[in-house]
Amino acid sequence: MGYCGSTRKDRRRLPSTELPTQNDNVVTAPPPPPRRGSDALPLPLYLTNFFFTFLFAATVYFLLIRWGEKISTSTPLHVVNLSEILSLIGVIASCIYLIGFLGVDFVQSVFLRSSSDDDDGWIPNDDEIDRLLKIESDLTSEEDEEIVKSVIDGATSSYSLETKLGDCKRAAAIRREAVQRMTGKSLTGLPFDGFDYDSILGQCCEMPVGYVQIPVGIAGPLLLDGKEYSVPMATTEGCLVASTNRGCKAIHLSGGAFSFLMKDAMTRAPVVKFPSVRRAARAMFYLQNPSNFERLSLIFSKSSRFAWLQSITCSISGRNIYPRFACGTGDAMGMNMVSKGVQNVLEFIKTKFPDMVVIGISGNCCSDKKASAINWIQGRGKHVVCEALIKGEIVRNVLKTTVEDLVELHVLKNLTGSAVAGSLGGFNAHASNIVSAVFIATGQDPAQNVESSHCITQFEAEGDDLHISVSMPCIEVGTVGGGTQLASQSACLNLLGVKGSSDKEKAGSNARQLAKIVAGSVLAGELSLMSAIASGQLVKSHMKYNRSSRDIGPSSQVNR
């Protein structure tokens, strides 16, 4: 494995222009000069062209004269002398040259194929390998080099490096080098320095070798519930931040948006099995009996002082039941917190129903990271509704369209089109775009964008003005735990004024406010994109912001 073999046979082939190196200090071997067809010719190209052209014409003329004489004297054509043999050879050679477009490509493909195949992989010798694989920056000792070899050989597990070394950055550097050597691919371009690897140990990412950079743009100010917010959006999609920014401007000029939190409950639904349907039904009735709720709630809360049980609803399938626990989680998104509480309850239920078998702590009725009707109807996480009344003149002057066109487009696109597609929770223009961008910037779980983007958008004419609203029943966010503790994500939360835990008197208020900001940002994004489509400017805006690499000036269609 790797390049430590001493024989040419065992040595893996490396690309000619890129070799595995340590970190960003890349040592590149000079590639062999590009092969040209004329390299195969003994004479300059123009002389070779003239030679074969003359040879073809002369030999054909000579053979035609000779064949004419043979026909007139009744001499068999297959009877040839030395001059005719040489002429035939000349015709064949010149034809090969001319058919191959002056011979260059053809001669190269036929006569240089074997040599090209040998050269395109460029196999360095042992000294070159040692030089190219020399640790340059992050691996600073012979001991590190030995650990790299140990990982490559399988004697040391890659996942155990942090524990054995006690230095997260050093472990990441060694793992990075081992990966490069084992794969024969360079990680050049994947940043390594400038990241706190200690901050992710045991909570965010295992076996790191670097980090990915995603640009963060600011949309806003978003005027929401009388307060302005500058919304950070991490995305690689051009036009998204600019479009959301335009929506924020239209909302601000119209007096702002208003949000309402309808429900706040994270869910977890295990699957448990019983010997019979009768036993499953009895357990279901026990769990849903109001007289048992207080006791179950106390048992649930043993694992955390921030979690409290709100309700239990059960679904039954044969002798299997899926109890769906809805719980408050404070400022945390709360999946781990809820799972611990559910585990406590299951252990207690086991004492009441010893024949119960816990098949899984999650039975997919939760429903986490999946689009589902139960989330769309009952909600999961924060259920937020947000609205704004956009003045007619703002629709015309800022959004470059009309109220009538927006309402018609909404009915035919967001409602009818989504229904034709059989959409589940997707009665919107692009809610997931904004949700994903804000989630990544603030350290949320990007996979929960699936249900968090459930949204129904409404456009309604109100006199000359436009009433727009978004209803989002499953916004799953937190301001503590997970990725929210990383420096970059923490800075974005701080920008929004929702960093960390809120006061005990207002437990969970930061997470709830973040959910409202997400909904308000979606409102702005929906308004701007629908306007771009209604005015026919969508393609033009994307061509400007997704294609151009130089023109970053203001766009009359997006920024104004």
Has [X] got a side-chain atom pairing as donor or acceptor with [Y]'s backbone, closer than 3.5 angstrom?
X	Y	result
Ser535	Ser531	yes
Lys413	Gly417	no
Arg279	Asp355	no
Tyr229	Leu495	no
Thr267	Cys366	yes
Asp331	Gly478	no
Lys352	Tyr286	no
Glu462	His467	no

Is there a side-chain contact between [X] and [Y] in this structure, where contact means two heavy atoms from C-beta onward sitting under 4.5 Å apart?
X	Y	value
Ile200	Pro208	yes
Gln489	Ile440	no
Ile214	Thr235	no
Asn510	Leu514	no

Are there over 12 heavy-atom neighbours, none belonging to Glu228, within less than 6.0 Å of that residue's CD?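 Counting other residues, nucleotides and ligands, CD of Glu228 exceeds 12 neighbours.
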
Determine whether more than 12 heavy atoms belonging to other residues, nucleotides or ligands lie under 6.0 Å from atom NZ of Lys506.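 Open: at most 12 neighbouring heavy atoms sit under 6.0 Å from NZ of Lys506.
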
Quick one about Ser432 and Asn449 (side-chain donor to acceptor, distance below 3.5 Å, no hydrogens or angles considered), yes or no?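 No, because no side-chain N or O of Asn449 sits under 3.5 Å from a partner of the opposite role on Ser432.
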
Thr401 side chain to Arg396 side chain, donor-acceptor N/O pair below 3.5 angstrom: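 No, Arg396 and Thr401 have no side-chain donor paired with an acceptor closer than 3.5 Å.
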
Ring centers of Phe353, Phe348 separated by less than 6.0 Å: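 No: the rings miss the under 6.0 Å criterion.
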
Can you confirm if the aromatic rings of Phe258 and Phe260 lie within a centre distance of less than 6.0 Å?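 No - the distance between ring centres of Phe260 and Phe258 does not fall below the 6.0 Å cut-off.
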
Passing candidate, salt bridge (charged side-chain N to carboxylate O under 4.0 Å, His left out) with Glu476, options Arg380, Lys369, Lys382: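 Passing option: Arg380.
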
Salt-bridge test for Asp198 and Lys169: reply yes if a basic N is under 4.0 Å from a carboxylate O, no otherwise.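 Here Asp198 does not pair with Lys169 in a salt bridge, since their nearest N and O are not under 4.0 Å apart.
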
Parallel, tilted or perpendicular: which one describes the rings of Phe300 and Phe325, with boundaries at 30° and 60°?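 Rings of Phe300 and Phe325: parallel, as their planes differ by under 30°.
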
